[in-house]
Structure formats: structure tokens, C-alpha cells
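All of these numbers come straight from a predicted model, not from anything done at the bench.
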There are 2 protein chains.
Amino acid sequence: MHASKMAGHLIRRMNQISTHVFSQRMQAEGRDLTPVQFAALDAIIANPGIDQASVAARIAYDRATIGGVIDRLEQKGYVERTVSRRDRRAREVRATKLGQKEFDAILPIVEALQNDVLAGLNDPEKELFRTLAQKVIDYDAG
Amino acid sequence: MHASKMAGHLIRRMNQISTHVFSQRMQAEGRDLTPVQFAALDAIIANPGIDQASVAARIAYDRATIGGVIDRLEQKGYVERTVSRRDRRAREVRATKLGQKEFDAILPIVEALQNDVLAGLNDPEKELFRTLAQKVIDYDAG
DNA sequence: GGAATTTAATAAGTATAGATACTAAATAGG
DNA sequence: CCTATTTAGTATCTATACTTATTAAATTCC
């Protein structure tokens, strides 16, 4: 089998296409969020006061990477961190008003661009792809 | 739609699983090659004397990234670079004997682990997944 | 054939992505 | 209650991954 036909290569290329579509669209809309920053902000808004380790667990990142991602969200003024009173090691993360506003504006854009990521597939194929991908991920999660 | 069900997220997670399986297996076999380094070495062995820009084009990377990847392959003694006589800007890249030997040893391992990447799917589903992924990529390539 | 453009590679900068090690704080076990 | 372990976050290191800028060389084209 040639390397370019292997599952790993195909997945890497799709990830490349996906992140490229994402950043192109964000730039076109005058927004400044990466795919990972969007995923983190989504998890934070869905769970106000969540700690960083839980954000990492939810979107399947390691703690070191998520620390940097939340640093950048904080620099942009989209989230705030406060030391937890229950556990002084933990930082509770919440979206700011600006972060919520930005997320509300970006969510429909992100939803719309999902279709472009799989532009080579028709609707039933898109659905099938998502089903198969979900199976791969669920199996890995145990 | 929730973020964790979006195509971009599913693809990112699969890429994570894929690279994780790859590095785990390499480590278990006492080898030291990343997925990208393997892809680059594969392209170089298939096209001896290829220049860096062509390696980048073949495996869909930008030139800046591929420069670093080939740096590391060179450090490991797997490839050699020589200035092209036809075009003094270009560097011709070739695998060394050690690089060829290492590739021959690693290829069957990499082929075998492809199945584990899609471990959540049965054989027809694996085939279907690859077909759909190829469609997504081919459409993007134009 | 000389200027304008393009191209190969590198450099610098930002953002993942994960491994490892470290600090501080919480919890478990005896 | 005190030690041992675990856990949250940060820091450090390596490796992608892409953008923009720079240098040098090749090509275009008028």
C-alpha cells in the first residue's frame, strides 16, 4: 500500500483542509478565532466556571496545550480566570460579555462552514462520514 | 448543532487518534520517526533526488514546514541534501543507506497500524471511510 | 539582454500538540 | 494525623503547521 492511501495520511489531509476552511472563513468575516479556541470557548460557555482540566478533558486536549489556548482567549478578552475557592489549585474559567457576543456571532459561521469542509460529498455521504467518524472516536474513547 | 458533532471536530479527533497510534507503535518497536517524517521519507525514496519544494507539494505541506522535517531526517542520518547543479537554489534530497534500511523496517509496521487507527470500523466500513475521505481530499485538490 | 517577476530555501513569528518535570494543593490510607 | 499519592496548573522541550519576509537564483518578456 502506498503511504498516500493510508488512513493516517487521509485523515491528516482532511484535518488540513478543515483548519484551512476554518481560518479562511474567519478571516473573511473579520474574526480572529482558531478552531481550537472556538472549541474551548464553546466548552466554557456550555459550562460556566469549568476548570481548565475539565475543558481539556471535554475537547480531548492535554492540560499544557489548553493552558496556552485559554491564555490567548484571555488576552483577547473573551474569558476570565478566577482561583476556585473549593480548590485553590484550580482556575474557574468564564466567558466575558465580549466573549459571549463574539461566540454568538461566530457560531452560525462555524456551523455553515462545516458543509464546506466536506464539500466533496453529497448529503447522504456527509451523514455517513460523520457516523463513521463518530464510531472511530467512540471506539477510541473506550 | 453542538461543536463536538461538527465535521471539523470529528476530523481533529481522528487526527489525534491517528498520530497517537502512530507514535505509540513506533515507540513500542524502538523506532524514532513521526508520521510526517515517515511521509517525507516515503516521498524521497519514491523520487530520489527530489527537491524540497516537490516533497512539500507531494505530501501537501508548505515549504517552511518541510524544511524543518528534512532537517530532522538529515540529523538522524536518514537523508542527504546536495545543491542541485541545474538550479543552485534547489537542494536535491536522497535517502542514505541507513534511511532506506530504516524505511524498509518501518513500512510494514506503518501499514499494519493503519488498521488500528480505524479500529472502531469493520472492514467494509473501513473501505467506505477511505473512499469518502479520498473524495473530500480530491475535491479540495480541484 | 536587462528589468520585472517568479521560485527555492530559510528565517522569524504565532498557534497547536503532546511529553515530562515541577510546584502547590487536595485527598487517601494507615 | 501524618505520610503517600494524586491532581491542577505551569514551564520546558520537541515537532508540526502556516504566514510573511528575505535572499539568491532562475525565468519571463518586452
Trainee: Quickly work out the A/Asp32 CG to C/dT14 C1' distance and round it to whole Å.
Mentor: 11 Å

Trainee: Check the interface with nucleotides 23-28 of chain C: list each N/O to N/O pair with the protein under 3.5 Å, or write none.
Mentor:
unit_1 : atom_1 : unit_2  : atom_2 : d
C/dA25 : N3     : A/Arg89 : NH1    : 3.2
C/dA26 : OP1    : A/Arg88 : N      : 3.1

Trainee: I want to confirm an ordering. Mapping B/Gln27 and A/Thr34 to their closest nucleotides on DNA chain C, which one lands closer to the 5' end?
Mentor: A/Thr34

Trainee: Can you list, in residue-number order, the parts of residues 48-68 of chain B that come under 4.0 Å of DNA chain C, counting heavy atoms only?
Mentor: B/Asp51, B/Gln52, B/Ala53, B/Arg63, B/Ala64

Trainee: Assess, by modelled atom type and distance only, whether the side chains of A/Arg13 and A/Gln16 contain a donor and an acceptor separated by less than 3.5 Å.
Mentor: yes

Trainee: CG of A/Asp71 versus C1' of C/dA15: gap in Å, rounded?
Mentor: 12 Å

Trainee: Establish, with yes or no, whether the OP1 or OP2 oxygen of C/dT16 is under 4.0 angstrom from a side-chain nitrogen or oxygen of A/Gln37.
Mentor: yes

Trainee: Between A/Lys135 and B/Glu125 (side chain of the first, backbone of the second, donor and acceptor by atom type, cut-off under 3.5 Å), is there such a pair?
Mentor: no

Trainee: Between B/Gln37 and B/Val69, is there a donor-acceptor pair closer than 3.5 Å when you use the side chain of the first and the backbone of the second?
Mentor: no

Trainee: Nearest whole Å is fine: how far is C/dA8 C1' from B/Arg91 CZ?
Mentor: 9 Å

Trainee: A/Phe22 and side-chain contact (heavy atoms from CB on, under 4.5 Å): which partner among A/His20, A/Arg25, A/Met26, A/Gln24?
Mentor: A/Met26

Trainee: Check whether more than 12 heavy atoms from other residues, nucleotides or ligands sit under 6.0 Å from atom CZ of A/Arg58, and answer yes or no.
Mentor: no

Trainee: Could you give the distance from CZ (B/Phe129) to CG (A/Leu132), rounded to the nearest 0.5 Å?
Mentor: 7.5 Å

Trainee: Under 4.0 Å between a side-chain N/O of A/Thr19 and OP1 or OP2 of C/dT16, yes or no?
Mentor: no

Trainee: Check the distance between C/dA19's P and B/Met26's CE and give it to me in whole angstrom.
Mentor: 16 Å

Trainee: Is it the case that the side chains of A/Ser84 and A/Asp87 hold a donor-acceptor pair, with the cut-off being a distance below 3.5 Å and no angle test?
Mentor: no

Trainee: If you check the A/Val69 side chain, which of C/dT16, D/dA17, D/dT10 turns out closest?
Mentor: C/dT16

Trainee: To the nearest Å, how far apart are A/Asn15 CG and D/dA17 C1'?
Mentor: 10 Å

Trainee: Treating A/Thr96 as the side-chain partner and A/Gly77 as the backbone partner, does any N or O pair qualify as donor plus acceptor under 3.5 Å?
Mentor: yes

Trainee: Would you tell me if any nitrogen or oxygen in the side chain of B/Arg12 comes within less than 4.0 Å of OP1 or OP2 on C/dT16?
Mentor: no

Trainee: To the nearest 0.5 Å, how far apart are CG in A/Asp123 and CG in A/Leu128?
Mentor: 12.5 Å

Trainee: Can you tell me the distance, in whole Å, between the CD atom of A/Gln16 and the C1' atom of D/dT19?
Mentor: 14 Å

Trainee: Tell me: CZ of A/Arg72 to P of D/dT10, nearest whole Å?
Mentor: 12 Å

Trainee: Could you state the CG-C1' distance from A/Leu73 to C/dT16, rounded to the nearest angstrom?
Mentor: 13 Å

